[in-house]
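This is the structure I have questions about; it appears just below.
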Amino acid sequence: MRDFSVYVENAVPPGSPYFVSEPAVLKALGAVAGFAEVRSFNAQFPDYQALEAADYFVGSGFDTARLKVHGKRLRVVHCTSAGVEKYMPLDWLPNGAVLTNSSGVHAKKGGAFGLMTVLMLCEGVPRHIQNQRLHRWDNRLATGIDTKTIVFVGFGALGTAIADRLRPFGPRIVAVTRSGKTSPSADEVFTVADLDQALTLADCLVVSCPLTASTKGLIGEKQLALMKPGASLFNIARGPLVDTGPLIRALVDGRLSGAALDVFDEEPLSADSQLWDVPNLIIFPHISCDDADGYVDRCLSIFADNIGRDLRGEPLRNRVDATAGY
C-alpha cells in the first residue's frame, strides 16, 4: 500500500450539513487512513501547492479551471452531489483522472419524501392548501392511490426508491428510461423515444432524471398537454427539466390538478418569482433528498471505497460518463 494525499475543498462553513471535515474523511477511509494525508481548505482560499501534490480531490461546486491548472496529479475528483451538469464537458479533467459523483446517497430520504409528495398530489392536497388560503370549503373526494398510474421520467436510484415505497399502496408504476430495460420496480418501461406514449398514462408524473443537454426542457407544453386532465407533476431532479411557463399555464387553467417543485431554474427562488403565487403549486426549497444528519458520511463512503478500488486497480463506482452527461 502506497501513501496518498487527499485535498478537501469546502464552499460552506463548518456546521453546515454539507461540510467535509478531515476527521470525517479519515473515518471513511478506515483501514487505509494511515497511508493518507488529508488536508482541508476553504474554496475561497485554496492552497495550490497542496492541490498540485494531491492524488484525490473531494468537494462540490468547485472551480474546474483551478483543477485543470493545479490538479495535474489527481486520479479521482469526487463530487459530493449527484448532479454534475455544471462540470460538463469534462475537458478540464487532468489526463488519466476521472470524475465520480454521489449518486445513490439520496435514495433513502428522497424515496420517503417522494412517497409523501406523490400521495399528497394524488389526494389533491395542493387544492386543499389553496382553498385554506381562500377560506373556501371544498370537500370533493379523490380516488384511491391504487387507481392511479405514476409515470417516472428517469428510473435510477432515486426514481426506483420512490417507486418501491409506493408499490405497497397499489398504483401502477411506469418508467421512462434511456435503455427501456425492464425493472422489478416498474410494471412497464418505455424508452425516451416513447415518452409521449407514456405521458398519456400519467395520473402523476415524477421527474427524476439527470439534467443533460438532451433532457433540458424535456417536459414542456406538448408533453404536459398529453397527460390526463387533472393529472399532477413532481420535479425532484433539476429545475430546467420542466419548462416553467407551460407548467404555470397548466396549473392556472386547471389542466393539471397540482404540482410540487423541489428544484428550480435559479436557486434560491427569488422573492418576486411568479411561482410563489401559482395556484395548486407546492414549493419545497430543494430539501427533498439531503439529510441533516449523515449526508456527508454517505458521500464519503463512496469516495473512500473508490480510493480503495483505485489503489487495487479495480473499476470505480459512480464514474461519470462524459457522453451521457451523468
- Item | Side chains of Asp290 and Tyr18, donor plus acceptor under 3.5 Å |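 There is such a pair (donor and acceptor under 3.5 Å, judged by atom type) between the side chains of Asp290 and Tyr18.
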- Query: Quick one: do the Arg127 and Gln130 side chains pair a donor with an acceptor below 3.5 Å?
  - Reply: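 Note: Arg127 and Gln130 side chains miss the donor-acceptor criterion.
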- Query: If you look only at pairs with a residue in residues 241-284, which of them pass as a ring-ring contact (aromatic ring centres under 6.0 Å, His included), with sequence neighbours excluded?
  - Reply: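 ring-ring contact (aromatic ring centres under 6.0 Å, His included) check on residues 241-284 returns Phe113-Phe284.
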- Task: Please indicate whether Asn139 has more than 12 foreign heavy atoms, meaning atoms of other residues, nucleotides or ligands, lying under 6.0 Å from its CG.
- Result: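 Enclosed: over 12 neighbouring heavy atoms sit under 6.0 Å from CG of Asn139.
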- Hey, is Glu85 close enough to Arg238 for a salt bridge, meaning N to O under 4.0 Å?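 Yes.
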- Does a donor on one side chain sit under 3.5 Å from an acceptor on the other, for Tyr56 and Asp310?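 Side chains of Tyr56 and Asp310: pair found under 3.5 Å.
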- Message: Using side-chain contact (heavy atoms from CB on, under 4.5 Å), reason through Ile282 and Phe234 one step at a time and then give a plain yes or no.
- Response: CA-CA 9 Å; Ile282 298 175; Phe234 175 35; over 6 Å; no
- Strictly by modelled atom types, are Thr143 and Lys148 linked by a side-chain donor-acceptor pair under 3.5 Å?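 A donor-acceptor contact under 3.5 Å links the two side chains.
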- Message: Taking Gly308's backbone N and O only, do any of them form a donor-acceptor pair with Asp305's side chain (distance below 3.5 Å, no angle check)?
- Response: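 No; zero donor-acceptor contacts below 3.5 Å.
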- Task: Please confirm whether the backbone N or O of Gln132 pairs with a side-chain atom of Trp137, one donor and one acceptor, at under 3.5 Å?
- Result: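 Such a contact is absent between Trp137 side chain and Gln132 backbone.
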- Message: I need the minimum non-hydrogen distance between Val25 and Leu300, along with the two atoms involved.
- Response: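 Scanning both residues completely, I find the closest heavy atoms to be N-CD1, 3.8 Å.
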- Item | Sidechain-backbone polar pair: Arg75 side chain, Ala97 backbone, donor-acceptor under 3.5 Å |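 No, Arg75 side chain to Ala97 backbone: no donor-acceptor pair under 3.5 Å.
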- Item | Ser16 side chain vs Val12 backbone, donor-acceptor pair below 3.5 Å |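 No.
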- Determine, for Arg319 against Glu314, whether the closest basic-nitrogen to carboxylate-oxygen distance falls under 4.0 angstrom.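 Salt bridge flag = no for Glu314 with Arg319.
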- Query: Could you go step by step and tell me if Val77 and Leu67 meet the side-chain contact (heavy atoms from CB on, under 4.5 Å) rule?
  - Reply: CA-CA 9 Å; Val77 176; Leu67 297 192; 3.9 Å; yes
- Task: Hey, could you give me each pair passing salt bridge (Lys or Arg N to Asp or Glu O under 4.0 Å) that has a residue in residues 268-280? Not counting sequence neighbours.
- Result: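 Passing the test, one end in residues 268-280: no pairs.
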- Query: Parallel, tilted or perpendicular: which describes the rings of His70 and Tyr48, with under 30° parallel and over 60° perpendicular?
  - Reply: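 Ring orientation, 0 to 90° scale: parallel.
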- Output yes when a side-chain donor or acceptor of Ser102 lies under 3.5 Å from a complementary backbone atom of Cys79, and no otherwise.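 Looks like yes, one N/O pair under 3.5 Å.
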- Query: Would you say the side-chain atoms of Ser103 and Asn318 include a donor-acceptor pair closer than 3.5 Å?
  - Reply: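 No pair is found: no donor N or O on one side chain lies under 3.5 Å from an acceptor on the other.
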- Query: Hey, are Lys68 and Asp91 close enough for a salt bridge, meaning a charged N less than 4.0 Å from a carboxylate O?
  - Reply: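 Salt bridge flag = no for Asp91 with Lys68.
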- Item | Exercise: do Asn10 and Ser40 side chains pair donor with acceptor under 3.5 Å |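 Yes, because at least one side-chain N or O of Asn10 sits under 3.5 Å from a partner of the opposite role on Ser40.
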- Item | Pair Ser288-His106, side-chain donor/acceptor within less than 3.5 Å |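 Judged by distance alone, the side chains do not pair up.
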- Message: Within the supplied structure, the quantity of interest is the number of heavy atoms (other residues, nucleotides, ligands) at a distance under 6.0 Å from Lys228 NZ; does it exceed 12?
- Response: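 Yes - once you tally the heavy atoms of other residues, nucleotides and ligands closer than 6.0 Å, there are more than 12.
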- Message: Has Ser232 got a side-chain atom pairing as donor or acceptor with Gly258's backbone, closer than 3.5 angstrom?
- Response: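 Side chain of Ser232 to backbone of Gly258, a donor-acceptor pair under 3.5 Å: no, none is there.
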- Query: Can you list the steps and then say if Tyr7 with Phe41 is a ring pair (Phe, Tyr, Trp, His ring centres under 6.0 Å)?
  - Reply: CA-CA 8 Å; Tyr7 187 102; Phe41 301 94; 4.8 Å; yes
- State plainly whether the residues Asp196 and Lys222 are in salt-bridge range, i.e. N to O under 4.0 Å.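 Salt bridge flag = yes for Lys222 with Asp196.
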- Side-chain donor or acceptor of Thr200 paired with backbone N/O of Gln197 under 3.5 Å: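 Side chain of Thr200 to backbone of Gln197: a pair is present.
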- Message: Strictly below 4.0 Å, N to O, side chains only: are Arg255 and Asp253 in salt-bridge contact?
- Response: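 Salt bridge: yes.
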- Query: Do Arg39 and Glu9 sit within salt-bridge range, that is, some charged N less than 4.0 Å from a carboxylate O?
  - Reply: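 No salt bridge links Arg39 with Glu9.
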